[in-house]
Amino acid sequence: MDVAVLVSAAAGRGRARTVSAAVLDALRRGGLTPTVLAAGTRAEAELAAAGAAAAVTGAVVAIGGDGTVHTALQAVAGAGTPLAVVPAGTGNDLALALGVPPEPVTAATAAAADLREDAVRALDAGRTAGRWWATVLCCGFDSAVTDRANRLRWPRGPRRYDVAILAELARLRPREVTLTLDGEARTLPVTLVAVGNTAWYGGGMRVCPAADPADGRLDVTVVGPVSRRELVRTRPRLTEGTHVGHPAVTVHRAARVELAGVGLTTYADGEPVAALPVRAEAVPGALRIVGSGRP
């Protein structure tokens, strides 16, 4: 089986590039014929992945983090081409949600076996401003943190998010957002809004703990006004998903979520998507994911 391989040279501060040769060897040992897509920019990568999907490639394999997967999604979502995730980035939140082995070569070996056995499952995807996404769409404090983390050169790995959080805490203030869930609108002050197709974002924070990427709906976690001290105290609960019990947090579920506000930008899969106002929709079964692990 021919597979197209998308490698992000920047993912994980070079980790994806470092492990790519071993991953390709694992795919070949698994009976696949990988072709690395030539792409220097995200636009070139999206174009190359779209060409591979249109050529009825057996699958697209994304080696990198959630940003690499986000690039691949633009080609495979809604197109029927299976996507295999090989985690080698900073956060790897989709791999975590899908139950993909965290070690890249192990993940590639498992993906090859799953493709041979046609172990491919259909999952939902989010769609906003013409872009597909798989994990969490966010705005507010968390999108500001993501923007800062993406610009940091140090430290490597999930610790970048810790540094970015500390930097953004100094600028913390609630923002007024109009939230419309399946046509029902309300305006409220928020610290952050997270719209989840899957549970995790930001390098392992379980912000939408009950999100199910196979139920045709999006989970919405809203954090209202909180002090800097309270936000810092509550953050460890994000990793466990127990923050939803905090009095400033409300959780909702909808197939269509609209967000409107001034001076706010949304991120999804750790990548910038669009400034508010935006509409996010769950598209049932838009993704074909390689593997039979837990969603």
(request) Taking side chain to side chain donor-acceptor pair (under 3.5 Å) as the test, write out the residues that go with D93, two or more places apart. (result) none

(request) Could you check R237, E230, R233 and say which one makes a side chain to side chain donor-acceptor pair (under 3.5 Å) with H246? (result) E230

Side-chain donor-acceptor pairs of residues 36-47 under 3.5 Å, sequence neighbours excluded:
unit_1 : atom_1 : unit_2 : atom_2 : d
T41    : OG1    : E44    : N      : 3.1
R42    : NH1    : E271   : OE1    : 3.0
E44    : OE1    : G40    : N      : 2.7
E44    : OE1    : T41    : N      : 3.1
E46    : OE2    : R131   : NH2    : 2.5

(message) Ignoring hydrogens, what is the shortest heavy-atom contact between T191 and G224? Give both atom names and the distance.
(response) OG1-O, 2.7 Å

(request) Considering non-hydrogen atoms only, spot the tightest contact between A95 and P87 and give its length. (result) CB-CB, 3.8 Å

(message) As a test of understanding, state which of D269, N197, D66 forms a side chain to side chain donor-acceptor pair (under 3.5 Å) with T135.
(response) D269

(message) Distance alone, cut at 3.5 Å: any donor-acceptor contact between the side chains of T250 and H252?
(response) yes

(request) Give the minimum heavy-atom separation between A52 and A4, together with the two atoms involved. (result) CB-CB, 3.5 Å

(message) Is it the case that the side chain of S143 and the backbone of Y267 share a donor-acceptor pair, with hydrogens and angles ignored and the cut-off at 3.5 Å?
(response) no

(request) Looking only at non-hydrogen atoms, find the nearest pair between P82 and V290 and report the distance. (result) CB-CG2, 3.8 Å

(request) Apply the side chain to side chain contact (heavy atoms under 4.5 Å, CB included) test between V5 and each candidate in L32, L24, T35; give the one that qualifies. (result) L24

(message) Please report the interatomic distance CG(N92) to CG(L96), rounded to the nearest 0.5 Å.
(response) 8.5 Å

(request) Spell out, as yes or no, whether a donor-acceptor pair under 3.5 Å connects the side chain of R288 to the backbone of G80. (result) yes

(message) Using a 3.5 Å distance criterion without hydrogens, assess whether the side chain of T109 forms a donor-acceptor pair with backbone atoms of A26.
(response) no

(message) Tell me whether R186 at atom CZ has more than 12 heavy atoms from other residues, nucleotides or ligands lying less than 6.0 Å away.
(response) yes

(message) Using 0.5 Å steps for rounding, measure from the CZ atom of R206 to the OG1 atom of T242.
(response) 10.0 Å

(message) Please check: side-chain N/O of T81 versus main-chain N/O of V76, any donor-acceptor pairing under 3.5 Å?
(response) no

(message) Tell me whether R256 contacts the main-chain N or O of A282 through its side chain, where contact means a donor paired with an acceptor under 3.5 Å.
(response) no

